[in-house]
Amino acid sequence: MARLYPRITTDLPVKVDAKLVKSEATITDLSIDGAFLEGHFRSAEEKAGDTILLRYDLPRYGLFEHSGKIIRKDTNGIAINFYGLDVATKIKLWKYITDNMNDFDECPYCGEKYEVIPSVCKTCGWELTFNSPGYFEYHEKMHLLKKLYSKAGNLVADQVQRLINFMDADILKIGVSEEFQEFVGTSNVMLEVFSKIRKVAPTDIPVLILGESGTGKELTALAIHERSTRKDKVFVPINCAAIPETLLEAELFGYERGAFTGAYTSKKGKFEHADGGTLFLDEIGELSPNLQAKLLRFLENQIVERIGAGSGRKVNVRLIAATNCNLESAIANGKFRNDLYYRLDAFTVNLPPVRERDEDKAVLAKYFLKKFSKEMGVSKAFTEDAVNAIKSYGWPGNVREMINKVRKAIVMASDDSIRPRDLDLSVQDEPVEKETLLKDVRERVEKQKIKEALESCGNNVTKAAKMLGLSRPSLYSLKKKYGI
């Protein structure tokens, strides 16, 4: 049976995170959909079906960090499948693989031998012109079609008809609903956040979420939980700053009857309630030194010790922590343990403030307006002045402030139009006009330079992209944007 992805032999060092255990190995075989990792892993518990996080450096293409699933475990290593890769990562992997396929005498899909490699394999039908523009897009489409065909071949006629009916009815609805619910946005910084969530969610490693107040740290933690293998188990959030230090230990770890005055019965802590699921510790930087030490012990052995108990109990909890403070500064000031920080910092998600998401401001506001208008049974719309005010405002309270202002504006608006005064925002036309003017000038120059580069290269996209310092996919996107 022909492969759907060509593979190459490599010798790439890779770091593997699995169930809080870090190992080092070597990628000896690599394709876009998976790899073989040779090495002796320190965790004897790893088995087929487990998810792991990989970190490795591809020469010329930089650091790669994504998850995979173990499909086979051998005496000398493990075979894994990649999943959740974004398009940019796939393209870089594909370039690296094709860069190292220069000298081959057989079809990398089916193994048919050739003295001279043809443009199309006569046996399996795959095109073999790997360096031609658009080959990656061709390969992705053909891979999905072949995969769909192999699946459909096992269906009876009635099932195939139902599949066609479903596609006819629903295929055009893709993109209507937001993938991450209230994580609305198309800015590069938010796309990076979405990508990180997809990568880390299937694993069990701890996650540290950093961001200002109101940027959606709990929503991020919930998004990770809902896309993990623990999604059917509990998600337990707790704000460490909202509970007095004297009570927080009891809330987190529980206590036995008689452990202190008023402890008339035994009580489970949040760690035990989250057994099998995810525990989200918000404002982790507010923990006392005593609780930091106890949390570190838990991360090392997953054993919970109730207050007043003679022994501990092992639980299976995925920990996600968040803070709006600078932990590195807290470490320098002796307020936070560096060993705990390094434990929590296995994977970090940085949430950008709204002021750094210029292109998302109006999108976010319109999303919340539509959502809250529906909840209140009304129909409202922003005026042009209101949209300009939203774009130019700094939003120091981030998403939380925007939610509150939009809700208030729906109530305050005297008719179906929401104006800047309803949002408690002032109109700032001049900065917006200047920004728009600068944007127009930049786009006009960019379009002209792309045209000149294509003309000088005889419309060869690969050469033009190299001349402009862009990747081929980026140049294709810009051509589409400007209608070139």
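A donor-acceptor contact closer than 3.5 angstrom is absent between the side chains of Gln292 and Tyr341. With no hydrogens or angles considered, no side-chain donor-acceptor pair links Glu212 and Asn324 at under 3.5 Å. If you check the side chains of Ser31 and Asp33, you find a donor sitting under 3.5 Å from an acceptor.
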(request) Could you go through the side-chain contact (heavy atoms from CB on, under 4.5 Å) check for Val16 and Glu24 one step at a time? (result) CA-CA 6 Å; Val16 181; Glu24 293 188 358; over 6 Å; no

(message) Before you tell me yes or no, could you show the steps for Ile320 and Leu281 under side-chain contact (heavy atoms from CB on, under 4.5 Å), namely the whole-Å CA-CA distance, both residues' side-chain angles and the distance that decides it to 0.1 Å?
(response) CA-CA 6 Å; Ile320 301 177; Leu281 297 181; over 6 Å; no

(message) Go through it in stages, so that I can follow the logic: the residues are Phe136 and His143, the test is ring pair (Phe, Tyr, Trp, His ring centres under 6.0 Å), and I'd like the CA-CA distance, side-chain angles, deciding distance and then a yes or no.
(response) CA-CA 10 Å; Phe136 176 78; His143 159 254; over 10 Å; no

(message) Arg55 vs Glu65, test: salt bridge (Lys or Arg N to Asp or Glu O under 4.0 Å). Steps then yes/no.
(response) CA-CA 5 Å; Arg55 290 187 181 91; Glu65 187 176 69; 2.5 Å; yes

(request) Output, in order, the C-alpha distance, side-chain angles, deciding distance and verdict of side-chain contact (heavy atoms from CB on, under 4.5 Å) for Val354 and Val399. (result) CA-CA 7 Å; Val354 174; Val399 177; 3.8 Å; yes

(request) Please assess Leu208 against Leu327 for the test side-chain contact (heavy atoms from CB on, under 4.5 Å), listing each intermediate value before the final yes or no. (result) CA-CA 11 Å; Leu208 180 61; Leu327 291 183; 4.1 Å; yes

(message) Does Asn398 form a side chain to side chain donor-acceptor pair (under 3.5 Å) with Arg355? I'd like the steps, not just the answer.
(response) CA-CA 8 Å; Asn398 294 301; Arg355 64 179 175 275; 4.8 Å; no

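Across all non-hydrogen atoms, the minimal contact from Cys240 to Leu287 is SG-CD2, 3.9 Å. Of all the heavy atoms in Leu369 and Ala381, the pair that sits closest is CD2-CA, 3.9 Å. In terms of heavy atoms, Asp57 sits closest to Leu63 at OD1-N, 3.5 Å. In plain terms, the two heavy atoms of Gly34 and Phe82 that are nearest each other are N-CD1, 3.5 Å. Listed here is the closest heavy atom pair of Pro352 and Thr215: O-CG2, 3.8 Å. Of all the heavy atoms in Ser213 and Arg400, the pair that sits closest is OG-NH1, 3.0 Å.
We find the OH-CG distance between Tyr393 and Leu423 to be 10.5 Å, quoted to the nearest 0.5 Å. Remark: Met376 CE to Phe372 CZ distance equals 7.5 Å, nearest 0.5 Å. Between atom CH2 of residue Trp395 and atom CG of residue Leu364 there is a gap of 9.5 Å, rounded to the nearest 0.5 Å. For the atom pair OG1 of Thr203 and CD1 of Ile224, the computed distance is 8.5 Å after rounding to the nearest 0.5 Å. Here Asp385 contributes atom CG and Leu425 contributes atom CG; the two are 11.5 Å apart, rounded to the nearest 0.5 Å. Atom CD1 in Ile91 sits 11.0 Å away from atom OH in Tyr61 (nearest 0.5 Å).
Using a 4.5 Å cut-off on side-chain heavy atoms (C-beta onward), Thr278 and Val234 make no contact. For the pair Arg337 and Ile331, the minimum side-chain heavy-atom distance is 4.5 Å or more. At a threshold of 4.5 Å between non-hydrogen side-chain atoms, the residues Ile52 and Ile78 count as touching. Residues Leu351 and Val193 meet the side-chain proximity criterion, which asks for heavy atoms closer than 4.5 Å. Annotation: side chain of Lys90 is not in contact with side chain of Trp94 (no heavy-atom distance under 4.5 Å). Residues Tyr56 and Lys15 are not in side-chain contact: their nearest non-hydrogen atoms beyond the backbone lie 4.5 Å or more apart. Residues Phe382 and Ile390 have side chains in contact (heavy-atom distance under 4.5 Å, counting atoms from C-beta outward). Within the 4.5 Å cutoff, no side-chain heavy atoms of Tyr96 are placed close to those of Arg60.
Applying the 6.0 Å contact sphere to CD of Glu328 captures no more than 12 heavy atoms from other residues, nucleotides or ligands. The environment of NZ in Lys146 is crowded: more than 12 heavy-atom neighbours from other residues, nucleotides or ligands sit within 6.0 Å. Heavy atoms from other residues, nucleotides or ligands lying under 6.0 Å from NZ of Lys335 number 12 at most. Around the CD atom of Glu356, the shell of radius 6.0 Å holds more than 12 heavy atoms that belong to other residues, nucleotides or ligands. Counting heavy-atom neighbours within 6.0 Å of Met412 CE, excluding the residue itself, gives a total of 12 or less.
The backbone N or O of Lys391 sits less than 3.5 Å from a side-chain atom of Lys361, completing a donor-acceptor pair. Although no hydrogens or angles enter the test, the distance criterion places no donor-acceptor pair under 3.5 Å between the side chain of Asp422 and the main chain of Ile418. In this structure, Thr220 contributes its side chain and Gly216 its backbone to a donor-acceptor pair below 3.5 Å. Formation of a donor-acceptor pair under 3.5 Å by the Gln302 side chain with backbone atoms of Val317 is found in this model. Remark: side-chain polar atoms of Lys267 are not paired, donor with acceptor, to backbone N or O of Glu256 under 3.5 angstrom. Remark: the backbone N or O of Gly277 is paired with a side-chain donor or acceptor of Arg230 at under 3.5 angstrom. In this structure, the side chain of Arg419 engages the main chain of Ser417 through a donor-acceptor pair within 3.5 Å. Checking side-chain atoms of Asp360 against main-chain N and O of Val363 turns up no donor-acceptor pair under 3.5 Å. Of the possible donor and acceptor atoms, one in the side chain of Arg227 sits under 3.5 Å from a partner among the backbone N and O of Ala223. Side chain of Thr323 to main chain of Glu283: no donor-acceptor pair is present (N/O by atom type, distance under 3.5 Å, no hydrogens or angles).
Each of Arg318, Lys314, Lys268, Arg313 was checked for a salt bridge (Lys or Arg N to Asp or Glu O under 4.0 Å) with Asp275, and the lone residue meeting it is Arg313.
Residues satisfying the salt bridge (Lys or Arg N to Asp or Glu O under 4.0 Å) test with Lys380, not counting sequence neighbours, are none. For Lys294, the salt bridge (Lys or Arg N to Asp or Glu O under 4.0 Å) partners two or more places apart in sequence, or in a different chain, are Glu249. The ring pair (Phe, Tyr, Trp, His ring centres under 6.0 Å) search around Phe235 returns His225, not counting sequence neighbours.
Relative to the six-membered ring of Phe253, Arg306 misses at least one condition, a distance below 6.0 Å or an angle of at most 45° to the axis.
Contact check on Asp424 versus Lys408 returns a salt bridge, with a Lys/Arg side-chain nitrogen under 4.0 Å from an Asp/Glu carboxylate oxygen.
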